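Everything on this sheet refers to the single structure shown next.
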Amino acid sequence: MKPNPEIRRIYKKLLKLHGPQGWWPLLSCAGCNPTKTGSMTGYHPHEYDWPKTERDRFEICIGTVLTQNTAWPNVEKALRNLDDAGLIGCDSLLSTPEQKLAERIRPAGYFNQKAGYLKNLAAFLDKKGSGFSRAELLAVKGIGDETADSILLYAFGRPTFVVDAYTKRIFSALGLIDGSWKYREIKELFEVSLPEDVVVFQEYHALIVEHAKMFYSKKRSRDPANTHDLSTEK
DNA sequence: TTCCAGGCAATAC
DNA sequence: GTATTGCATGGA
């Protein structure tokens, strides 16, 4: 696939527009940047040495599952419930009955399914540590393309691009992709068009989410003047 | 009350 | 391979 220079141009524009995002949000980083859309706390702009502990790495992994088709504030509630119960850790999570776990993560929705997914993922990580491939991660029931890439990029700092519903929405609107593009193709478009840089991949995905929440939300009227039109050059 | 949100797996063609 | 469906809460 050929690089598309528009991908880089839009990255620069988003960065200028919104500034560094400091993903992935973490409970232990509460208060770092209290003004972000969709969540009160947990972001760490300008700091790229997160996660700093195994516990935080595990929290990110859990969060990627909990946020599947779910608004982030609901995920935060579930994470706090887990934290209060000391369940953000492989051992404690694995030794907790699935039904108890489901009750803790109820605010995140699909809690019965996700309780099983979390167990599967925890067992996988407990066994593999950090020595696993994307394909192995995808073989875990409950881990699809986006969740796998989020875990790899944000929890383990591997240079793999995350594609989500917002990415498809924005870049379809810009005419750079269309509905026929599959996950792998969109992912490849970004990866061949950008430097292979974990920080760039992390920030770009986060910026896409931030921008989409502001201007491409289905339930919010879009700015008719659209002063933040990404298709405008510069 | 209805619609939406940082998907995924199972099933049906 | 592509399309459809179930899974579920909390906020707008």
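Remember, it's a predicted structure, so these values are computed and weren't measured experimentally. Both backbone and side-chain heavy atoms feed into the values below; hydrogens, waters and symmetry mates do not.
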What side-chain donor-acceptor pairs closer than 3.5 Å can you find for residues 119-126 of chain A, not counting sequence neighbours?
{"residue": "Lys119(A)", "atom": "NZ", "partner": "Leu94(A)", "partner atom": "O", "Å": "2.9"}
{"residue": "Lys119(A)", "atom": "NZ", "partner": "Thr96(A)", "partner atom": "O", "Å": "2.4"}
{"residue": "Asn120(A)", "atom": "ND2", "partner": "Gly116(A)", "partner atom": "O", "Å": "3.4"}
{"residue": "Asn120(A)", "atom": "ND2", "partner": "Lys141(A)", "partner atom": "O", "Å": "3.0"}

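Annotation: ring-ring contact (aromatic ring centres under 6.0 Å, His included) contacts of Phe190(A) (sequence neighbours excluded): Phe161(A), Phe171(A), Tyr204(A). Considering only residues two or more places apart in sequence or on other chains, Ser172(A) meets the side chain to side chain contact (heavy atoms under 4.5 Å, CB included) condition with Ile177(A). Not counting sequence neighbours, Asp164(A) has no partner by the salt bridge (Lys or Arg N to Asp or Glu O under 4.0 Å) test. For the side chain to side chain contact (heavy atoms under 4.5 Å, CB included) test, residues two or more places apart in sequence or in another chain that qualify with Ala85(A) are Leu87(A), Arg104(A). For Asp83(A), the side chain to side chain contact (heavy atoms under 4.5 Å, CB included) criterion is met by Leu27(A), Arg55(A), Ile88(A), not counting sequence neighbours.
If you check every strand for non-hydrogen atoms under 4.0 Å, Lys182(A) touches sugar and phosphate atoms only. Lys114(A) comes within contact range of no nucleotide atom at all, as no heavy-atom separation falls under 4.0 Å.
Remark: side-chain polar atoms of Gln21(A) are paired, donor with acceptor, to backbone N or O of Gly19(A) under 3.5 angstrom.
To the nearest angstrom, P of dA5(B) lies 15 Å from CD of Glu210(A). If you measure from atom NZ of Lys213(A) to atom C1' of dG11(C), you get 13 Å, rounded to the nearest angstrom. Summarising the geometry, the separation between CG on Leu66(A) and C1' on dA5(B) is reported as 14 Å, rounded to the nearest angstrom. Atom pair Lys168(A):NZ and dA5(B):C1' shows a separation of 14 Å (rounding to whole Å applied). Residue Ile170(A) contributes atom CD1, which lies 12 Å from atom P of dA5(B) at whole-angstrom precision.
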Identify all pairs in which a protein N or O lies below 3.5 Å from an N or O of nucleotides 1-4 of chain B, and state each distance.
{"residue": "dC3(B)", "atom": "O2", "partner": "Lys219(A)", "partner atom": "NZ", "Å": "3.0"}

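Phosphate contact (OP1/OP2 of dA8(C), side-chain N/O of Asn112(A), threshold under 4.0 Å): present.
Connectivity analysis of hydrophobic side chains (ILVMFWY, heavy atoms under 4.5 Å, direct or indirect) links Tyr48(A) to Val199(A).
Separation of the P atoms belonging to dA8(C) and dA10(B) is 14 Å when rounded to the nearest angstrom.
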Worksheet item: What does nucleotides 7-13 of chain B look like as a protein-contact string, B for base, S for sugar-phosphate only, - for none, at under 4.0 angstrom between heavy atoms?
Response: BSSS---
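Classification of Lys213(A) and Glu210(A) as a salt-bridged pair fails, no side-chain N sitting under 4.0 Å from a carboxylate O.
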